[in-house]
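Convention: sequence-line order gives letters A, B, ...; per-chain numbering from 1. Computed from a predicted structure; not experimentally measured.
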Number of protein chains: 2
Amino acid sequence: MESETSNAAISFSTMTASAVVVEIETAKGRFKGLGFSSYGRYGHGGLLNERFIPRLLNAQPEDLIDQVEGNFSMLNFWDVLMQNEKEGGHGERSGAVGVIETAMWDAWAKSEDLPLWALLARDVGHADDGGVAAGETVIYGSGGHYRNDAVDAQDIADEARKCFDDGYAWFKIKVGGVSPVLDNKRIEAAIRVAGASQLIAVDANCSFGNKELDIYLKQLDQFALRWIEEPVNPLDYEALTATIKSIQTPVATGENIFAVADVVNLLRYGGLTPGRDTLQMDIVLSYGITEFLRMLSFAESGGWSRRDFIPHAGHQLALHVSSGLGLGGHETASVLDTPFSSVSVDTKIEDGYAYLSDKPGIGIEYKPSLYKYFDGMLN
Amino acid sequence: MESETSNAAISFSTMTASAVVVEIETAKGRFKGLGFSSYGRYGHGGLLNERFIPRLLNAQPEDLIDQVEGNFSMLNFWDVLMQNEKEGGHGERSGAVGVIETAMWDAWAKSEDLPLWALLARDVGHADDGGVAAGETVIYGSGGHYRNDAVDAQDIADEARKCFDDGYAWFKIKVGGVSPVLDNKRIEAAIRVAGASQLIAVDANCSFGNKELDIYLKQLDQFALRWIEEPVNPLDYEALTATIKSIQTPVATGENIFAVADVVNLLRYGGLTPGRDTLQMDIVLSYGITEFLRMLSFAESGGWSRRDFIPHAGHQLALHVSSGLGLGGHETASVLDTPFSSVSVDTKIEDGYAYLSDKPGIGIEYKPSLYKYFDGMLN
């Protein structure tokens with residue numbers, strides 16, 4: 001197995017991202033898998049180069065084979081990556097592992113001549129709940145970031161209009177960064193374009209939780225929005241429980257929860273309700289699909305369904321997992337021009353749904369804003 | 001402010017460690033501070049070079065000054081490091097921040113011509129609880145690792161004898177890595193040397209928690225040991241609570257808890273009791289002293305005392321914090337020859353206590369097994 005890494009400066013101000021290529025050789029030939037990190041956690045080069053990649057390079061082919069089934073096992077692959085790692089402390093290594101694991105899924109799907117969504121539907125199984133079919137998923141747009149001029153209700157309206165015109169199911173904007181009066185104008189502008197408050201969600205990015213903001217939270221609640229996202233610190237389960245009790249609006253959270261051990265605590269202590277609230281763990285930042293499947297499994301054992309999951313960030317991996325397993329939908333930045341905006345060019349967005357193509361892998365090759373970071377790594 | 005980093009391969013098989021030097025200039029001159037990472041989490045180079053060090057290099061001198069007091073503020077320093085970081089997900093960046101923060105404390109203490117313990121006693125305050133004086137601390141030895149030959153009761157006895165002969169207060173050995181029968185022989189050998197079961201603690205490294213091991217746990221409980229360390233996954237508060245209820249022996253945990261947000265949950269949900277159980281958060285791996293003080297503060301608000309804290313790992317920073325603030329003691333590997341074994345040569349160990357010297361800083365210069373990693377970084 002060959003493995004290359006590089007760090008590519010991307011356009012989130014000072015943030016960087018990690019791109020990984022793995023190459024596998026099977027009876028069917030050689031296949032390259034591409035992995036790319038997610039948004040918000042970065043600088044994984046040291047972890048990749050000193051911890052995770054050396055373990056892969058030192059692994060023997062038989063280490064990756066399921067001893068019972070006799071074939072390649074992603075679980076074995078994952079176990080090799082995690083050799084000698086201590087329990088607890090999930091937050092950065094989970095992103096380093098996730099980017100390698102993503103590349104491996106991409107390579108494996110290509111070796112099976114399947115898009116990842118079809119590989120997942122075949123090997124893990126799509127939700128059999130009468131919802132959307134495999135290869136399709138609900139898709140919503142996020143945007144509404146703050147600009148230098150805080151009185152930007154017109155910008156929000158323009159973004160919302162573009163989002164719905166482009167076929168996204170609903171739109172999400174930022175709140176909590178300016179005064180409630182200004183935020184209300186932004187929300188009202190978005191609702192006016194959407195035509196219904198249920199088609200607008202808001203993301204507080206953990207800015208609530210003290211008494212003054214509690215009043216603001218109740219005011220927000222009056223809008224009857226689709227959800228209020230990350231109202232408090234993601235690990236403050238007591239504050240989350242109190243927040244949920246104080247409002248009627250559903251809550252979405254989980255983008256800063258990176259391991260099944262933390263999901264267990266969130267669901268045990270956080271006061272969330274299956275069927276109402278939304279879980280948003282970022283698959284790439286959370287050790288990849290292997291750990292995400294453990295999260296799904298634990299949640300399902302407690303009454304949650306796959307439809308309650310809408311992963312964070314808007315990367316191609318989440319798009320394929322959502323449509324391959326039958327999750328509640330896919331988020332992507334509908335306006336910004338970043339590697340996590342929109343979807344690959346072979347994906348059609350229409351009437352609130354994304355329709356994925358049959359091209360093998362996760363489709364980074366078909367997303368120019370992302371693929372350019374692999375320049376020079378593929379030869 | 002100048003800053004240099006390098007990664008030095010150290011002798012924990014494939015683990016690496018990060019060494020950081022900061023140089024500060026004050027009215028009193030220029031001072032170099034040395035920071036070194038802790039044990040078990042490594043590969044922080046990417047996080048240091050892409051996230052934390054650039055923020056320091058971009059900071060203006062006034063960013064580090066407390067606007068009210070008008071002097072240098074470690075809290076401001078910490079806030080600069082953490083600019084634009086998201087909430088949650090503590091585990092690796094906490095170690096990267098910790099190693100820089102350690103270097104800064106070292107430089108600052110040197111600029112005040114004080115050992116760090118004295119700076120902490122002066123500025124934060126030593127526990128006023130009638131216990132040991134500032135500049136001293138209880139010290140215990142850890143060892144008893146598994147060797148290739150699992151029937152190593154004689155090795156354990158030799159290690160324990162050396163530990164007590166060298167003046168350590170008690171001895172800690174590993175359990176859970178072999179059969180209960182063999183582990184019992186190891187424990188019995190250690191107790192025989194110690195003369196009392198209260199002078200032997202055991203570290204399970206998260207190996208307990210399922211039903212079969214539950215029986216083993218109750219068997220361990222019969223020894224009336226000083227403590228059983230990390231019986232279960234550090235984030236599984238439900239299993240920890242159940243474990244504590246099932247045994248009489250005190251529990252020690254926390255070395256895989258890296259932020260105050262996680263400490264809050266551990267103390268809220270983990271079933272631990274102040275005055276009986278021991279908290280072992282690793283200061284370097286947990287964003288450094290600034291965050292550790294927040295942990296102490298939260299714990300004290302819930303009935304815990306400083307004596308309940310005995311930090312993990314055995315590095316010079318923990319030695320100074322324990323003796324400067326009046327914590328419950330200091331752990332260090334009493335046998336192995338590693339950067340985290342023993343103490344700096346200017347520190348005297350006698351009758352269960354460590355007596356620190358008046359040399360400025362945290363004393364890495366006086367610990368040859370550690371100082372050698374700074375070769376070539378100090379000119």
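Highest contact tally toward chain A, considering only B:G40, B:G46, B:G91, is held by B:G46 [criterion: heavy-atom pairs under 4.5 Å].
Counting only distance, with no hydrogens or angles, the side chain of A:N256 and the backbone of B:K86 share no donor-acceptor pair below 3.5 Å.
Atom NE2 of A:H44 is separated from atom CZ of B:R51 by 6.0 Å, given to the nearest 0.5 angstrom. Taking CZ of B:R93 as the reference point, atom OH of A:Y42 lies at 10.0 Å (rounded to 0.5 Å).
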- request: Evaluate side-chain contact (heavy atoms from CB on, under 4.5 Å) for B:L235 paired with A:H90, printing each intermediate quantity in order.
  value: CA-CA 10 Å; B:L235 294 170; A:H90 313 289; 3.5 Å; yes
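Contact annotation: the side chain of B:Y237 approaches that of A:N265 to within less than 4.5 Å [non-hydrogen atoms, C-beta and beyond].
A:N233 and B:E87 share a side-chain donor-acceptor pair at under 3.5 Å.
Neither the backbone nor the side chain of A:E230 comes within contact range of chain B; no heavy atom of the residue lies under 4.5 Å from a heavy atom of that chain. The contact between B:R41 and chain A is made by backbone and side chain atoms together, counting heavy-atom distances below 4.5 Å. Heavy-atom distances place the side chain of B:F258, and not its backbone, under 4.5 Å from chain A.
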